[in-house]
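Numbers for residues simply follow the sequence, beginning at 1. No hydrogens, no waters, no symmetry mates; every other heavy atom, side chains included, goes into these values.
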Amino acid sequence: MSSNFIVAKFGGSSMKDAIAMKRSAKVALDQKANIVLVSATYGTTNQLVELSQIAQTSSWTNCQELISQIKDKHFKISDELNVDEKTKQELEKHLKRLEVLGRGIFLLKECSNRAYDALVSLGELMSSTLYTWAVKSESTNKEIEYFDIREVMKTSDDFKKALPNLEVIKKLANEKLNNSRNNTIYITQGFIGSTEEGVTTTIGRGGSDYSAALIAEAMNADILQIWTDVAGMATTDPRIVKHAKLINEITFSEASELATFGAKILHPTTLAPAQRANVAVFVGSSYEPNEPGTWIKVSTNSNPMIRAMALKTDQSLITLRTPKMLNAHGFLFEIFKIFNDHKISVDAITTSEISVSLTVDQEVIKNQNLIKDLESLANIDIEKNQTLVSLIGNNINHTPGLGEKAFSAIGDINVRMICLGASKHNFCFLVDGENGNEAIKRLHKSFIEV
């Protein structure tokens, strides 16, 4: 293990309080991580997002109350970690900036995407400042160094969802983080980056995993560790199915489908950089670091037909109908050009001679410009409150009897749309939102608990 180059990422639950930070510090040192990225302390990003909203609409007193909650949380961790004066000053600097940004948004009654990124980035900057001290307090023989990831994580200026510049990141990472190959452990941030001009950006909610994978790729790491509050990936959400089982190993292809179609433990973008660089990914619990966890690899010893299943809730089904589609070419291109222009991704799609049905996140249908553009092509129907149920495994599109077994299991639950054949790793179908959990329970019993 010690000869491997390891990039580790700790989520918000692992930064929850002083006890969690100390525990996570010990895990990072025991694992001999070379570079460690952290999320904001648990719940802080949500509070910062809320501040960006109420500062535009509410009183300054309400803003101050929320700012005080964030301050109190971080000062409590600071006191319990018994940080040195330098760390405390750094924390106070970030908290002062929090108040200034909040005040600016309040006075303008406007929060641009650029201001939003500057505000929410403070969560990671504060947690990494405190966590660096926690690791220093636990370490006896390593040089522990705080590092501002914005020096390396260069992105586009698409604020709130910036795109990373892979070539620049690789060049800068190997220039500025090279001591991690020797005796220095760098503590830094997930989720945030900066433009070439140094303006703070973020790479989207849940982007800390993605940040860690990009750094692992840039540094040609051997292992990327994702530390959360659960001991690995499970066959489905244990909150829905109490008999859900931990998965010891899973392929990149399966894990990507699982993340994309609703599994919350990994951000969907995480695996692409790791797969490109052939970096093995480990998912484990910072609360139970000795549990076996889940390894994500190019290939696995077993390849079951159904490895896991997931739900993607709050979906809408958009159906476009027009006789113009009949024997016409280019119609699908026109549809997807509209989604591309609006920078919206589609999850699942089916077509017939004169209609196309596709699923999107429910938030998407609030985009009236998108709806207007689609209506210029065809008549559209929108069905809200749908849930996408996905069966993830191997050779799904070449396994006879799968559909019969699946639909026998769900029985009287109506299926609105089916997608099968595009991927050998995924079979998904759409049901009414209130039936999603019950469908998963029945399918898990039929495929996994046998």
Whether [X] side chain and [Y] backbone form a donor-acceptor pair below 3.5 Å:
X      : Y      : answer
Thr236 : Ala310 : no
Asp237 : Arg239 : yes
Asp361 : Gln315 : no
Tyr287 : Ser13  : yes
Thr359 : Ala348 : yes
His425 : Glu254 : no
Asn34  : Ile6   : yes
Ser127 : Glu124 : yes
Gln56  : Ser52  : yes
Lys445 : Ile440 : no

- Message: Apply side-chain hydrogen bond (donor to acceptor under 3.5 Å, both in side chains) to residues Asp314 and Gln362 and explain how you reach the verdict.
- Response: CA-CA 5 Å; Asp314 298 322; Gln362 201 137 286; 4.7 Å; no
- Any side-chain heavy atom of Ser194 within less than 4.5 Å of one from Val199? no
- Can you find a heavy atom in the side chain of Met309 that is under 4.5 Å from one in the side chain of Leu258?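 Side-chain contact under 4.5 Å: no.
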- Query: So Gln225 and Lys9, side chain to side chain contact (heavy atoms under 4.5 Å, CB included) or not? Walk me through it.
  - Reply: CA-CA 6 Å; Gln225 297 177 343; Lys9 179 261 173 179; over 6 Å; no
- Item | Nearest-0.5 Å distance, CG of residue Leu101 to NZ of residue Lys96 | 11.5 Å
- Can a donor-acceptor pair be found between the side chains of Trp133 and Ser137 at a distance below 3.5 Å?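 A donor-acceptor contact under 3.5 Å links the two side chains.
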- Query: Please walk me through it: do Glu449 and Lys245 pass salt bridge (Lys or Arg N to Asp or Glu O under 4.0 Å)?
  - Reply: CA-CA 9 Å; Glu449 296 172 37; Lys245 303 174 182 178; over 6 Å; no
- Would you call the rings of Tyr186 and Phe147 parallel, tilted or perpendicular, where under 30° means parallel and over 60° means perpendicular? perpendicular
- Item | Sequence neighbours excluded, every pair satisfying salt bridge (Lys or Arg N to Asp or Glu O under 4.0 Å) that has a member inside residues 273-297 |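 Residue pairs passing salt bridge (Lys or Arg N to Asp or Glu O under 4.0 Å), neighbours aside: Glu217-Arg276, Glu249-Lys297.
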- Quick one: do Asp17 and Lys73 satisfy salt bridge (Lys or Arg N to Asp or Glu O under 4.0 Å)? Show the steps, please. CA-CA 8 Å; Asp17 50 32; Lys73 179 198 303 184; over 6 Å; no
Are more than 12 heavy atoms from other residues, nucleotides or ligands located less than 6.0 Å from atom [atom1] of [X]?
X      : atom1 : value
Asn183 : CG    : yes
Tyr42  : OH    : no
Lys26  : NZ    : no
Asp72  : CG    : yes

